[in-house]
Amino acid sequence: MSAALDPVDWLLFSLSRAFRSPLAVFVQIQGCVICLTLAIGWAFAAYVRNREINRMKDAMKCGNSFAFLCHDINELEHTNQVNLPRVTVVMPLKGFGEHNLHNWKSQITSLYGGPLEFLFVVESTEDPAYHAVSRLIRDFKDDVDAKIIVAGLSTTCSQKIHNQLIGVERMHKDTKYVLFLDDDVRLHPGSIGALTAEMEKNPEIFIQTGYPLDLPSGSLGSYCIYEYHMPCSMGFATGGKTFFLWGGCMMMQADDFRRDNYGVVSGLRDGGYSDDMTLAAIAGAHKRLITSPPVAVFPHPLASDLSFSRYWNYLRKQTFVLESYISRVNWLMNRGLFSFHCYLSWGFVAPYFMAAVHIAAALQIYIKGYSYEETTCTTSGLLLASCLAICTLTELLSMWNLTRIEVQLCNMLSPEAPKLSLDYYNWSLIFVALLVDNFLYPISAFRSHFSQSINWSGIRYHLKNGKINKIERNKGRGPKFTDLGGKHLYGKKGAPPKASFLSSLARSLCQWHQPKKYEV
């Protein structure tokens, strides 16, 4: 038989025959199961988000025009607003990019009715964010309580964690809750109020969190990041208790930091690399509650010039967090997650390679007129490929549906903001990103494991026993832009923001509830 076949065809048919072995069939069926599991998870997440949309619509039908702030309009009564607890928002900054001013304005123009202060924390006055924030604060100085703090260089932990801890040291003495926000978080007008209301409702909550809705800019790198975040999104769309934590949005009790409860301060300060992974480990060790309210989903536009190399740098940072840990149990959990994720990633990609071989073999038989007996191929390979195609289509539709619903929810939560849409949604790039991201994840994870060092925004961190033990700074020799937002790390200054209706409404509320500045 081999003499009658072209060598390339013989290899193709041999692979197709090998991919019908029991082990290969198991791998292909496993790929179908992974697709369907993701589809079901996203369907449940879509149900939770859509339930919140329906609640808001019902509230508006009942005459509550401010359903984007709260379900019960009576909560906006002055008697209720004056009793709201003080919240301090801490924002560690690094660099300045195309979306930062919009994000910062969405944060400081919050319609939260209680005492509220904003602390922007930078490494030094040389950071481009310092100049941009200074202008923003000057424009809003009579309307919001905002300060910019220079934290200095970190020596025992990541610069982000250092900035966060300096922020909590400087927060108001009467602050009850502290909210950590990344500078790429675009808040809704009612986000702070919704998070605070949940904390007040359930004092057992240790951390409240949310999750970003990535908005791809059109490049393959941006779609890879979107695809990377989507599986995690189902863990945040529970409408309540979760085991997941995103460092871009974390609300906690201020006293937990004042008293170093559960070792939150020492755990972060003494060699901490990742704020969310460290705090999630502490929550798990002490059986503390993490929740994610259904309205805590935030638009996250990715940089318009996000290249594939910047996606790779971001993936490296994400896999590197599994190398940091605070205890033996945490190390074991990270190793388990490392192994599980790598297995599923390549277990997801392998069936597509096998399906491609089956399809290519069938095409060669059709084009060159071979008989199935001559090639020893059967139609079972095409049957497996067809099953995978159906499961993949189901998965892609479920992913798109969740994104569609989250876009709708974000539009309702920010009625004044420019409407988000899915007109840009590129199905082919989504599919390519699925394969690329899952293929590269294990490579990145193994590289992180063996290197034990990472460059994060121009700073190289070295780990030893799960903690940072060496920090190297080579200004100008590292990357000049951050990965997702494309922020300038060493250069440009910001421009003053423009006024808006919600900004004016926020100023009015601030003047109503805070007729004078609160003294520290």
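Count residues from 1 along the sequence. All values below were derived from every heavy atom in this structure, side-chain atoms included, with hydrogens, water molecules and symmetry-related copies excluded.
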Exercise. Are the aromatic ring centres of Tyr273 and Trp456 under 6.0 angstrom apart?
Worked result: yes
For this session: Nearest 0.5 Å please: distance from the CG atom of Leu434 over to the OG atom of Ser345.
Result: 11.0 Å
Problem set entry | SB check Asp305 Arg310 (cutoff 4.0 Å) | yes
For this session: Would you please test Gln107 and Asn103 for side chain to side chain donor-acceptor pair (under 3.5 Å) and show each step?
Result: CA-CA 6 Å; Gln107 292 165 0; Asn103 296 339; over 6 Å; no
For this session: Output the distance between atom CD1 (Ile290) and atom OG1 (Thr242), rounded to the nearest 0.5 Å.
Result: 7.0 Å
Problem set entry | Pairing of Lys160 and Asp275 as salt bridge, 4.0 angstrom limit | yes
Exercise. Should the pair Lys241-Glu204 be classified as a salt bridge under the 4.0 Å nitrogen-to-oxygen rule?
Worked result: no
Problem set entry | Distance-only side-chain donor-acceptor flag, His71 / Asn64, under 3.5 Å | no
For this session: Compute whether any side-chain donor of one residue and acceptor of the other, for Tyr311 and Asp437, lie under 3.5 angstrom apart.
Result: yes
For this session: Determine the interplanar angle of the His449 and Phe338 rings, folded into 0 to 90°, and report it as parallel if under 30°, tilted if 30 to 60°, perpendicular if over 60°.
Result: tilted
For this session: Over 60° means perpendicular and under 30° means parallel, so classify the ring planes of Tyr425 and Trp427, tilted if in between.
Result: perpendicular
Problem set entry | Donor-acceptor pair, side chain of Arg49 and main chain of Pro294, under 3.5 angstrom | yes
For this session: Compute both the distance and the angle, then confirm whether Arg404 meets the cation-pi test with Trp400: under 6.0 Å from the six-membered ring centre, within 45 degrees of the axis.
Result: yes
Exercise. Parallel under 30°, tilted from 30 to 60°, perpendicular over 60°: which one fits the rings of Tyr352 and Phe431?
Worked result: perpendicular
Problem set entry | Nearest heavy-atom neighbours spanning His162 and Cys157 | N-SG, 3.7 Å
Exercise. Under 4.5 Å between any side-chain heavy atoms of Leu409 and Glu52, yes or no?
Worked result: yes
Problem set entry | Ser292 and Thr209: side chain donor to acceptor below 3.5 Å | no
Problem set entry | Salt-bridge present (Lys201, Glu198; N to O < 4.0 Å) | yes
Exercise. Is the gap between the ring centers of Phe206 and Tyr262 under 6.0 Å?
Worked result: yes
Exercise. Would you say the side-chain atoms of Arg186 and Ser106 include a donor-acceptor pair closer than 3.5 Å?
Worked result: no
Problem set entry | Parallel, tilted or perpendicular, as decided by the 30° and 60° cut-offs, for the rings of Tyr228 and His341 | parallel
Exercise. Parallel under 30°, tilted from 30 to 60°, perpendicular over 60°: which one fits the rings of His229 and Tyr314?
Worked result: perpendicular
Exercise. Does a side chain donor of either Ser217 or Tyr223 reach within less than 3.5 Å of an acceptor in the other side chain?
Worked result: no
Exercise. Just wondering, more than 12 heavy atoms not from Tyr424 lying within 6.0 Å of its OH?
Worked result: yes
For this session: Measure the CG-CH2 distance between Leu396 and Trp42 for me, rounded to the nearest 0.5 Å.
Result: 8.0 Å
